[in-house]
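Atoms within a ligand are numbered from 1 in the order they appear, just like the ligands themselves.
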Amino acid sequence: MCEALPVDINLDSSKYTDDDIVDPWTVTSKSESGVDYDKLIKRFGCSYIDKKLIERMESISGKPVHPMIRRGIFFSHRDLHTLLSMIETGNNFYLYTGRGPSSESMHVGHLVPFIVTKWLQETFDVPLVIQMTDDEKTLWKDLTVEQSMKMARENAKDIIAIGFDVNKTFIFANLDYMGRCSAFYQNVIRIQKCVTFNQVKGIFGFNDSDVIGKIGFPATQAAPAFSTTFPFIFGDDKVPVLIPCAIDQDPYFRMTRDVSPRLGFIKPALIHSCFFPALQGPKTKMSASDVNSAVFLTDTPKQIKNKINKHAFSGGRPTQEEHRKHGGNTDTDVSYQLLRFFLYDDEKLESIRIAYNKGELLSGEIKKIAIETLQPIVANHQAKRKEVTEDILDQYMTPRKLNYEFNVKFKPQ
Ligand code: TRP
């Protein structure tokens, strides 16, 4: 049976480096070029997705990795080698990701983990579960249960619009699903029994005046990493999981990984993305609660143009003359950063980088390229989202069997 974790277990700890704050609720850096990911990887104790790992993924899947992996936007992992070895020996896995619905409209940065999740689902042909943490947002933000539940549904439509296969994808909102599936609550309690208040304080920085809902919540985000939370999909099989997420979510899954062996599961594998920069610059991430920091999925082409022209931080020089002479800085230039995420033509991206750094390409010109890249992506998203009716949404959100073939059933030793 499960006991609380030993107190000295290294669940970490300090969420502050000298200049960066990274936790599930805050991401800020004092540096112009943003969070120092080298330090973060060391502090969190995860590993780089290096060239060797990418080659291994490519040789197993038989196709090139997604540009976001190749470009180091997904830069870090836990136990991906272990997962790949399992795949090689005929085992299967499922994918788990999620979204905290804090505003009705999502921004382009929110697409990032879902785009790679979709790529992984298609590449490995595996089932996917997506958690909408409306409970988390009620607890952390000034939102009622009803408001959060509504946002969860609205955001789920945006996620569906990205193009997940309904036969292989289950989307659930905690405030709804917890009442529909007792297996979910049972796993939450199993997890809560393994973690003390001291430990969540250490991991998440909770204190005595935090509401008790926050203290228990991490178990709710951990539970979908255990396949028995979805008996209608996996029966009672213990299926390994891969969790794509932004690196600020890692604390939840450090806790999950520590609990896993005691519940008889192998530890979830993770791949982490870096943050999507705010238009104002890479010191903070794009935020749905700051209208000018983000390009929203509901923005018109004109709004996108105005926002980028007006707000996108430029790594260019103060005058055209200086820019031509000394060149711009693509590390801090937000338009260039947007292109790294969304312009998939490697040669074109590289020629833009070189031209900008040399000063051949001006600030206004790189902004124009960013605008013209994002406008069709957003417009296309809006068209797809329009097709997502309440009926279609209900299909994704109904607990049901998913259509996948696992050739070999995984049995933990
Ligand atoms: N807490 C996440 C957020 O606020 C949502 C989430 C739930 C999630 N489960 C997840 C994100 C799994 C990534 C992976 O956005």
Can you report which non-hydrogen protein atom sits closest to atom 7 (C) of ligand 1, along with the distance?
Q131 OE1, 3.2 Å
Using a strict cut-off of less than 4.0 Å between a Lys/Arg side-chain nitrogen and an Asp/Glu carboxylate oxygen, indicate whether K285 and D248 qualify as a salt bridge.
yes
R99, any N or O under 3.5 Å of ligand 1 N or O
no
Starting from atom 11 (C) of ligand 1, which protein heavy atom do you reach first, and at what distance in Å?
G98 O, 3.4 Å
Regarding ligand 1, does T97 bring an N or O atom to under 3.5 Å of one of the ligand's N or O atoms?
no
For atom 4 (O) of ligand 1, what's the nearest protein heavy-atom neighbour? Residue, atom name and distance, please.
E136 OE1, 3.3 Å
Are any side-chain N or O atoms of D79 and backbone N or O atoms of A269, one a donor and one an acceptor, separated by less than 3.5 Å?
no
With heavy-atom distances below 4.0 Å as the criterion, list the atoms of ligand 1 near I243.
14 (C)
Going by an N to O cut-off under 4.0 Å, is there a salt bridge joining D258 and R254?
no
For ligand 1, does F253 get within less than 4.0 Å through its side chain, its backbone, both, or neither, judged by non-hydrogen atoms?
side chain
Based purely on interatomic distance, does Q249 place a nitrogen or oxygen under 3.5 Å from a nitrogen or oxygen of ligand 1?
yes
Under 3.5 Å, is there a donor-acceptor pair linking the side chains of T330 and N357?
yes
So F170 and F172, would you call those rings parallel, tilted or perpendicular, with 30° and 60° as cut-offs?
parallel
Atoms in ligand 1 flagged as close to Q221, the criterion being non-hydrogen separation under 4.0 Å
1 (N), 2 (C), 6 (C), 7 (C), 8 (C), 9 (N), 10 (C)
Please report whether the ring centroid of Y252 lies less than 6.0 Å from that of F204.
yes
Please determine whether a side-chain nitrogen of the Lys or Arg among D346 and R71 lies less than 4.0 Å from a carboxylate oxygen of the Asp or Glu.
yes
Under a plain distance cut-off of 3.5 Å, with no hydrogens placed, do N187 and T229 share a side-chain donor-acceptor pair?
yes
Near T133, which atoms of ligand 1 are under 4.0 Å from a heavy atom of that residue?
5 (C), 7 (C)
NZ/NE/NH1/NH2 to OD/OE distance under 4.0 Å, K118 and D165
no
Geometry only, no angles: is G100 polar-contacting ligand 1 at N/O separations under 3.5 Å?
yes
Going by the atom numbers of ligand 1, which of them fall below 4.0 Å from some non-hydrogen atom of C245?
13 (C), 14 (C)
With a 4.0 Å cut-off on heavy atoms, is K137 in contact with ligand 1?
yes
